[in-house]
Amino acid sequence: MTRLSVEMLAADAPEPITSAGHAQLGIAVLLGIAVIVLLITKFKLHAFLSLTIGSLALGAFAGAPLDEVITSFSAGLGSTVAGVGVLIALGAILGKLLADSGGADQIVDTILAKANGRTMPWAMVLIASVIGLPLFFEVGVVLLIPVVLMVAKRGNYSLMRIGIPALAGLSVMHGLVPPHPGPLIAIDAVGANLGVTLALGVLVAIPTVVIAGPLFSKYAARWVDVPAPERMIPQRPSEDLQKRPGFGATLATILLPVVLMLAKALVDIVIDDPGHHVQRVFDVIGSPLIALLAAVLVGIFTLGVPAGFSRERISRLVEKGLVPIAGILLIVGAGGGFKQTLIDTGVGRMILEISEDWSIPALLLAWLIAVAIRLATGSATVATVSAAGLVAPLAADMSTTHAALLVLAIGAGSLFFSHVNDAGFWLVKEYFGLNVGQTVKTWSIMETIISVVAGALVLLLSLII
């Protein structure tokens, strides 16, 4: 902890922040976030630079010494990248292996071969959910759009009836289920247990994706009836391959890290003895780093080798997989710096005291903060890292399950109503050949349904467990 945090948070016996202090910190937060929003939306500055400048502005507005603000930001950036940077890199490599080897296409084709007209929307949501586990949202969209368009065209299906379930599956995975960057950032910020968060995330994700996907797509197809645009049907990655990996091997590789992390969580619950040799073994193999590293190494042999990739090609593939995540890592790191600045200037404790005074449930507060930042910035990642920084102190006295639910509340709020300041909005609009109004009626409402349903389920679970 930096000198600033020691002075301002007084960890041993902190004095309550005065009303005047609340006012100054509240104004500092609003101005700091306003700087970030303005730089991203008005001046189109990269989110990394915007978060960096916003963090410095927050510290200055709060009256903290600028040199200590810099120290706090640097410490937060470093700890965040150290905590999730390697995991994001491993996830990117696994996703690249899955896409380039034709493994993703193999899963898609196998499931679609067994689906008919009535079950096709359910098949699409299943495909997107499985494929979406190791892939970033944008990569998943690019990978699945050709499938959505081809299925809609060849089967004479409504584009929205097929496309909305696929988008819902990808979006729910992106916002609620680790090892995606958003949930990982929030887990790191609030100190939640990854295995428990993963298990509860899957539990919340299933009904959420059913409601926002196959069920909502019925109405979306009535509101927006458009054909699949011919110009947007690109070549699939595996069309140039002579062979590709099998369905079973591909599915096992994708699910391997999830199974290992869930196994660790289960062993922790059943044994609950840190000194037990079985628990110590699972603490290692079920850690996110080892679980994802194992999946990548296994994927080289189950995905790369069956596709006929040479060692040199696999090496180039890994390198190419790492290139696109540079911007993501910088945004995540700067978000961690912003989070630490919020904590060290006393904003986190202010949120804690306000929530106690106003009797606002912590999970609802986290959801509302994430919603507000998502609407302002358009970025689910920025909303996640900012909200996690603000509400992190609330997790100090929470149980393991409620800390995990706090992460999910943040993730749910970060998906609320994607609109014109979100890059995903324009990605969906262009690929599906929609106008702005049609995109709002389909994609934006779908994102809102995901956010509200997932948020409600999190609150419901908090009353049960």
Side-chain angles (χ1 to χ4, degrees), residues 84-111 126-144 146-147 169-170 173-174 177-181 183-184 194-195 198 201-202 236-264 282 284-326 328-329:
V84 303
V86 176
L87 306 184
I88 293 174
L90 290 172
I93 295 170
L94 181 59
K96 187 68 172 174
L97 268 171
L98 180 67
D100 286 13
S101 68
D105 286 344
Q106 181 66 28
I107 287 180
V108 168
D109 293 344
T110 301
I111 294 177
L126 176 62
I127 290 169
S129 299
V130 173
I131 297 296
L133 277 172
L135 294 177
F136 297 121
F137 176 78
E138 291 81 3
V139 177
V141 169
V142 172
L143 190 66
L144 284 180
V147 178
L170 289 174
M173 293 296 111
H174 172 72
V177 182
H180 281 279
L184 284 177
L194 190 144
L198 174 59
V202 172
R236 300 175 72 193
S238 66
E239 288 183 2
D240 293 332
L241 298 175
Q242 294 183 347
K243 51 185 178 179
R244 60 189 186 185
F247 173 78
T250 303
L251 187 61
T253 303
I254 295 173
L255 296 179
L256 177 60
V258 177
V259 171
L260 290 177
M261 287 187 281
L262 286 176
K264 175 190 178 302
F282 275 89
V284 173
I285 65 174
S287 67
L289 174 62
I290 299 301
L292 280 167
L293 179 61
V296 169
L297 295 177
V298 168
I300 290 174
F301 295 98
T302 59
L303 302 175
V305 173
F309 291 175
S310 64
R311 295 177 183 175
E312 291 76 13
R313 183 167 180 179
I314 291 175
S315 178
R316 292 196 303 270
L317 183 148
V318 170
E319 185 176 349
K320 290 180 180 178
L322 292 174
V323 171
I325 66 166
I328 295 172
L329 283 175

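If you read the sequence from its start, that first residue is 1, and numbering goes on from there. A quick note: this is a predicted structure, and the numbers were derived from the prediction, not measured. Just so you know, these numbers use all the heavy atoms, side chains as well, and skip hydrogens, waters and symmetry mates.
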Dump the intermediate steps for side-chain contact (heavy atoms from CB on, under 4.5 Å) on I93 and L292, then the final yes or no. CA-CA 10 Å; I93 295 170; L292 280 167; over 6 Å; no
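Two residues are said to be in side-chain contact when any heavy atoms from C-beta on lie closer than 4.5 Å; K96 and V318 fail this criterion. With a 4.5 Å cut-off on side-chain heavy atoms, L293 and V86 do not count as touching. Using a 4.5 Å heavy-atom threshold, the side chains of I254 and I107 count as touching.
Here the CG atom belonging to L303 is positioned 12.5 Å from the CZ atom belonging to R244, to the nearest 0.5 angstrom. Rounded to the nearest 0.5 angstrom, F309 CZ and D100 CG are separated by 5.5 Å. In this structure, OG1 in T250 is found 7.0 Å from CG in L98, a value given to the nearest 0.5 Å. The OG atom of S101 sits 9.5 Å away from atom CD1 of I314, with the distance rounded to the nearest 0.5 Å.
Residues passing the side-chain contact (heavy atoms from CB on, under 4.5 Å) test with R316, sequence neighbours excluded: E312, R313. V305 meets the side-chain contact (heavy atoms from CB on, under 4.5 Å) test with F301; sequence neighbours excluded. Residues satisfying the side-chain contact (heavy atoms from CB on, under 4.5 Å) test with L329, not counting sequence neighbours, are I88, I325. Residues forming a salt bridge (Lys or Arg N to Asp or Glu O under 4.0 Å) with K264 (at least two apart in sequence, or on another chain): D268, D283. Scored by the side-chain contact (heavy atoms from CB on, under 4.5 Å) test, A294 finds L256, L260 as partners (sequence neighbours excluded).
In terms of heavy atoms, P183 sits closest to P178 at CB-N, 3.9 Å. The two atoms that bring A92 and G321 nearest to each other are CB-O, 3.5 Å, heavy atoms only. Closest heavy-atom contact between P288 and L194: CG-CD1, 3.2 Å. Of all non-hydrogen atoms in S129 and G169, the two that sit nearest each other are OG-CA, 3.8 Å.
The main-chain N or O of V284 is found under 3.5 Å from a side-chain atom of S287 such that the two form a donor-acceptor pair.
Note on residues 297-306: pairs passing side chain to side chain donor-acceptor pair (under 3.5 Å), not counting sequence neighbours, are T253-T302.
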